[in-house]
Structures are given as C-alpha cells and as structure tokens.
Amino acid sequence: MSTQFALDLRLARRKAGYTQADVAHLLSGHQSLVSDLELGLKRPSLEQIIELSLLYGRSFESFFGELLAERQRVLHKRLRRLPKTIKPSAHTFNRTKSLEHLRKRLQSQIEHGSV
C-alpha cells in the first residue's frame, strides 16, 4: 500500500486530535489495526473506509483518491486483456458498447487524474 495513503491517515487522525486507541474503539478494532493502517501494512475494509471518512469528516473521494486511482489503473489493464470474442446472446447484447464506455471512462479518468 502507498506510504502517502498511510501518512494521510495518520495526519487526519492527528489533526482531529484522536489517539490510535480512540480510532480503534470507533472502528471496533484494536489499536494495532490503526497502527497497521497508518504504516501501510493493511488496507481498510469497505466498512472501515466509510467509517474513516465519517470519522475524519472527509469525502470518500478526497480521502481515498489515491486508492481509487490505483484501482482505475488496475481495472484498465484487466480490461485490455479481456477476451474480445464471446458467443453472442441476449444476455450479452450490450457488452461491446458497455466495455467501450468503460474503457473511455477509465482512460479519461487516468489521463486527467480525476477520481
């Protein structure tokens, strides 16, 4: 995990005046969880991401923009390796169009750094 993300978590906690024990209690976890998150040793679960966003009063996008950008790049790579040919059926009618929209959306977000 990125050290910038971990540093951002630590900075947000310190700015709020919370201890790691405070945050751990609010996340229903142990202090070592908060330490691991702040050291970049663990990634937060979806529930923890939401709770951290609420706890620090920051939007998901601003707080976790770096993670979103990383996942956009990963998804974009996977999209390029997706098999192009499949047997057409009623269930796959919009597949090509949807994949093209996804590719354009991801490419645009990556190019413009928007998350």
Side-chain angles (χ1 to χ4, degrees):
M1 178 181 292
S2 162
T3 55
Q4 183 58 46
F5 174 75
L7 290 172
D8 198 29
L9 277 179
R10 180 177 296 153
L11 178 64
R13 178 181 57 78
R14 288 181 175 173
K15 214 172 167 182
Y18 298 138
T19 65
Q20 286 185 344
D22 293 334
V23 175
H25 177 80
L26 293 167
L27 294 178
S28 291
H30 191 271
Q31 181 271 329
S32 63
L33 165 70
V34 178
S35 177
D36 287 348
L37 292 172
E38 290 182 358
L39 291 172
L41 301 175
K42 282 189 179 177
R43 285 188 183 219
S45 68
L46 178 58
E47 290 82 9
Q48 291 165 340
I49 288 171
I50 293 167
E51 290 172 354
L52 287 166
S53 293
L54 293 168
L55 183 61
Y56 297 131
R58 294 177 59 185
S59 72
F60 176 86
E61 289 83 4
S62 72
F63 201 61
F64 298 98
E66 185 178 330
L67 289 177
L68 286 170
E70 175 191 324
R71 301 295 24 164
Q72 285 171 336
R73 290 187 299 274
V74 168
L75 189 56
H76 191 255
K77 277 184 184 177
R78 289 179 189 157
L79 183 60
R80 287 184 293 201
R81 294 188 305 248
L82 187 69
K84 298 203 185 297
T85 55
I86 60 162
K87 185 177 178 181
S89 73
H91 299 289
T92 61
F93 178 74
N94 287 324
R95 181 179 186 262
T96 302
K97 189 175 185 178
S98 294
L99 288 172
E100 182 58 23
H101 283 238
L102 175 61
R103 186 194 65 73
K104 286 180 181 179
R105 202 169 53 246
L106 289 170
Q107 186 63 41
S108 175
Q109 291 169 340
I110 290 168
E111 287 173 0
H112 296 100
S114 60
V115 270

**OP:** Scan K104, Q109, E111 and name whichever one has a side-chain contact (heavy atoms from CB on, under 4.5 Å) with Q107.
**Re:** E111
Original post:
So, T92 side chain and P88 main chain: donor-acceptor pair closer than 3.5 Å or not?
Top reply: no
Original post:
About how many Å separate CZ of F5 and CD of E38, when rounded to the nearest 0.5 Å?
Top reply: 10.0 Å
Original post:
Can H91 and S89 be counted as having a side-chain donor-acceptor contact under 3.5 angstrom?
Top reply: no
Original post:
Would you say the side chain of L33 lies within less than 4.5 Å of the side chain of K42, judging by non-hydrogen atoms?
Top reply: yes
**OP:** Would you please name every residue forming a side-chain contact (heavy atoms from CB on, under 4.5 Å) with S59, sequence neighbours left out?
**Re:** E61, S62
Original post:
For V23 and Y18, which heavy atoms make the closest approach, and how far apart are they?
Top reply: CG2-CB, 3.8 Å
Original post:
Would you call E100 and R103 a salt bridge, using N to O less than 4.0 angstrom?
Top reply: yes
Subject >> Minimum heavy-atom distance between Q48 and R43, given as atom pair plus value >> reply: OE1-O, 4.4 Å
**OP:** Any chance you could lay out the side-chain contact (heavy atoms from CB on, under 4.5 Å) test for L102 and H76, step after step, and finish with the verdict?
**Re:** CA-CA 9 Å; L102 175 61; H76 191 255; over 6 Å; no
Subject >> Minimum-distance pair of heavy atoms, taken over all atoms of L52 and P44 >> reply: CD1-CB, 4.3 Å
**OP:** Could I get the full list of salt bridge (Lys or Arg N to Asp or Glu O under 4.0 Å) partners for R95, not counting sequence neighbours?
**Re:** none
**OP:** Using salt bridge (charged side-chain N to carboxylate O under 4.0 Å, His left out) as the criterion, point out the one residue from K15, R13, R58, R14 that pairs with D8.
**Re:** R58
**OP:** Report the C-alpha separation of Q31 and V34 in whole Å, then their side-chain angles, then the decisive distance to 0.1 Å, and conclude whether the side-chain contact (heavy atoms from CB on, under 4.5 Å) test is met.
**Re:** CA-CA 5 Å; Q31 181 271 329; V34 178; 5.6 Å; no
Original post:
What is the minimum heavy-atom distance between I110 and R73, and which atoms define it?
Top reply: CD1-CA, 4.0 Å
Original post:
Distance from L82 atom CG to L75 atom CG, nearest 0.5 Å?
Top reply: 10.0 Å
Original post:
Do L26 and L54 sit in the same hydrophobic cluster, where Ile, Leu, Val, Met, Phe, Trp and Tyr count as joined when their side-chain heavy atoms come under 4.5 Å apart?
Top reply: no
Original post:
Can you name the closest pair of heavy atoms from A16 and Y56 and give their distance?
Top reply: CB-CD2, 4.3 Å
Original post:
What distance do R78 atom CZ and L106 atom CG have between them, rounded to the nearest 0.5 Å?
Top reply: 11.5 Å
**OP:** State whether the side chain of S98 and the backbone N or O of N94 hold a donor-acceptor pair below 3.5 Å, judged by distance alone.
**Re:** yes
Original post:
Taking all atoms of both residues into account, what is the closest heavy-atom pair of G40 and A6, and its distance?
Top reply: N-CB, 3.5 Å
Subject >> L27 side, atom CG; D22 side, atom CG - distance, nearest 0.5 Å >> reply: 11.0 Å
